[in-house]
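Everything below concerns the one structure shown next.
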Amino acid sequence: MKILVVSRCLFLMLILCLLVLLPFSDEKGCYYALDLGGTNFRVMRVKLQGNRTIDLKTESYKVPPNIKVGKLHELFDYIAEKICHVIETETDSEIVPGKKRELGFTFSFPVQQTRINSGTLINWTKDYNVQDAIGKDMVKELTRALEKRAVDVNVTALLNDTVGALAGGRFYDSNVVAAVVLGTGTNAAYLEQSENILKPYGPPPESGQMVINTEWGNFNSPLLPLTEYDHALDSDSPNRHKQILEKMVSGRYLGEIVRRILERLADDAALFGDIIPPKLRQHYVLATYNVVEMHSDKSTELSVVEKCLEEVFEISDVSLEKKNVVVKICDIVATRSGRLGAAAIMAILKRLRKDTTKNGESVVVAVDGSLFETYKQLNSCLQKTLSEELVDEQVSKMLLLKHFKDASGIGAAVVAASHSIYT
Ligand code: BGC
């Protein structure tokens, strides 16, 4: 795959920008953060203690599948209920009399945003398809749901998870220049000099930096080598012709790509015998964590692969040779994802090169997301591609991909603090 060409082409695609006050790391106080759009939905209470120290309480929830495709008020009622549960656990020291609680809302979907505390949904991605939501202000909807429950919360900041990860990364390390999310979906944000920004909504500030949310998951180009499996996956998806790069790279889709390849091999080459197991035809039945497990199977008889084929597809008595084919497919799909992820990161580094390498300081890219955290082989393929094929020697020496756990949620709380209505 022509990784360098893909990277050059990605470099031309930058879309959503916003002026966000990034944290200075000395913020203090108790803030809430809400993180919606990844594997889990999380509510956090973040006590900022100054000097880059925090005390964090996190509650994670699974958003029920019916809510992800239900009505908008049901989604926000569900979220408000969970926020209330966390608020109920507040201690007296966390309540400031006469002040509303403040919340940073990490909303991991494309949003049209011209102010820090409002933004309208452009379209859903991943497995969300809530009705009547496009064009609605997500902050208003959340505020309405919280008001119904009579809780005193001001939604101070709305931000993409990549913007949250950038803020969270910089809270700990001021050399962070970009943030990447490799999870259920994929995307990146970086800091751009304001004078380079052509902004359709009015003039950008004359100096300083602005945060660009690239929404790179929506990248598409004739240069992307799409296979028949990618075309079929896209055409069966609720967001056809959108998020093409994301559909090749991110955790929502890798399991499904592997399943489609196995189905084809079962049909054309009787991989699992003459009768096709019905479960093999079921879309999204194979999750990406199954792929991670199978790919990491070190046992001589590939017993993890065997167990997974049995549990997910109800396929048994598979020979060692065939189990090896399954592992090989996982490897091919993960390698493609890692290499494309590297190309996308390279596009941002190229954009930043002249600004970042001049001081000789390290260039830190904050990375967050379940795929990056859990898929070791994919993660090392991404890093190897970056250092061996893409990044020139000078940048390579200074480049650091750093995992900041929960960066996007922590970032949401610190951005809420920087934009507090009380300062
Ligand atoms: C969304 C992005 C988000 C990314 C990672 C994509 O599907 O469009 O806004 O940042 O997922 O969560």
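Keep in mind the model is a prediction, meaning the values are calculated, not measured. Hydrogens, waters and symmetry mates are skipped; everything else that's a heavy atom, side chains included, is used. For ligands, and for the atoms within them, numbers begin at 1 and follow the listed sequence.
Set against the non-hydrogen atoms of Phe109, the atoms of ligand 1 under 4.0 Å away are 9 (O). Proximity to Glu246 (heavy-atom distance under 4.0 Å) selects the following atoms of ligand 1: 6 (C), 7 (O), 11 (O). The ligand atoms of ligand 1 that sit less than 4.0 angstrom from a heavy atom of Glu215 are 1 (C), 2 (C), 8 (O), 9 (O). Short contacts between ligand 1 and Thr125, defined as distances under 4.0 Å to a heavy atom of the residue, involve ligand atoms 1 (C), 6 (C), 7 (O), 8 (O). Remark: ligand 1 atoms within the under-4.0 Å shell around heavy atoms of Gly185 are 5 (C), 11 (O).
The cationic group of Arg252 lies under 6.0 Å from the six-membered ring centre of Tyr284 and within 45° of the ring axis, placing it in a cation-pi geometry. With Tyr422 as the aromatic partner, Lys99 meets the cation-pi criteria of under 6.0 angstrom to the ring centre and within 45 degrees of the ring axis.
The number of heavy atoms from other shown groups lying within 6.0 Å of NZ (Lys242) does not exceed 12. More than 12 heavy atoms of other shown residues, nucleotides or ligands fall within 6.0 angstrom of atom NZ in Lys82.
A salt bridge links Arg281 with Asp267: the distance from a Lys NZ or Arg NE/NH1/NH2 to an Asp or Glu carboxylate oxygen falls below 4.0 Å. One finds no salt bridge joining Asp368 and Lys405 here, because no Lys/Arg side-chain nitrogen approaches an Asp/Glu carboxylate oxygen to under 4.0 Å.
The single protein non-hydrogen atom nearest to atom 11 (O) of ligand 1 is Lys126 NZ, 3.1 Å, given as residue, atom name and distance. Of the protein's non-hydrogen atoms, the one nearest atom 4 (C) of ligand 1 is Asn187 CB, 3.7 Å. Given atom 3 (C) of ligand 1, the protein heavy atom at minimum distance is Asp161 OD1, 3.4 Å. Atom 1 (C) of ligand 1 has as its closest protein heavy atom Ser108 O, 3.5 Å.
Ring orientation note: the planes of Tyr78 and Phe41 are tilted relative to one another, at an angle of 30° to 60°.
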Show me the donor-acceptor pairs within less than 3.5 Å that the side chains of residues 59-70 make with the rest of the protein, sequence neighbours left out.
residue, atom, partner, partner atom, Å
Glu59, OE2, Lys57, NZ, 3.1
Lys62, NZ, Asn40, OD1, 2.9
Lys68, NZ, Asp127, OD2, 2.9

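For a threshold of 3.5 Å applied to N or O pairs, the pair formed by Thr162 and ligand 1 contains no separation below that value. Residue Asn213 has no nitrogen or oxygen atom sitting less than 3.5 Å from a nitrogen or oxygen atom of ligand 1, judged on distance alone.
Ligand 1 lies less than 4.0 angstrom from a heavy atom belonging to Pro110.
Here the SG-CG distance, from Cys330 to Leu378, works out to 11.5 Å after rounding to the nearest 0.5 Å.
Contact annotation for Thr186 and ligand 1: only backbone heavy atoms (N, CA, C, O) come within less than 4.0 Å of the ligand.
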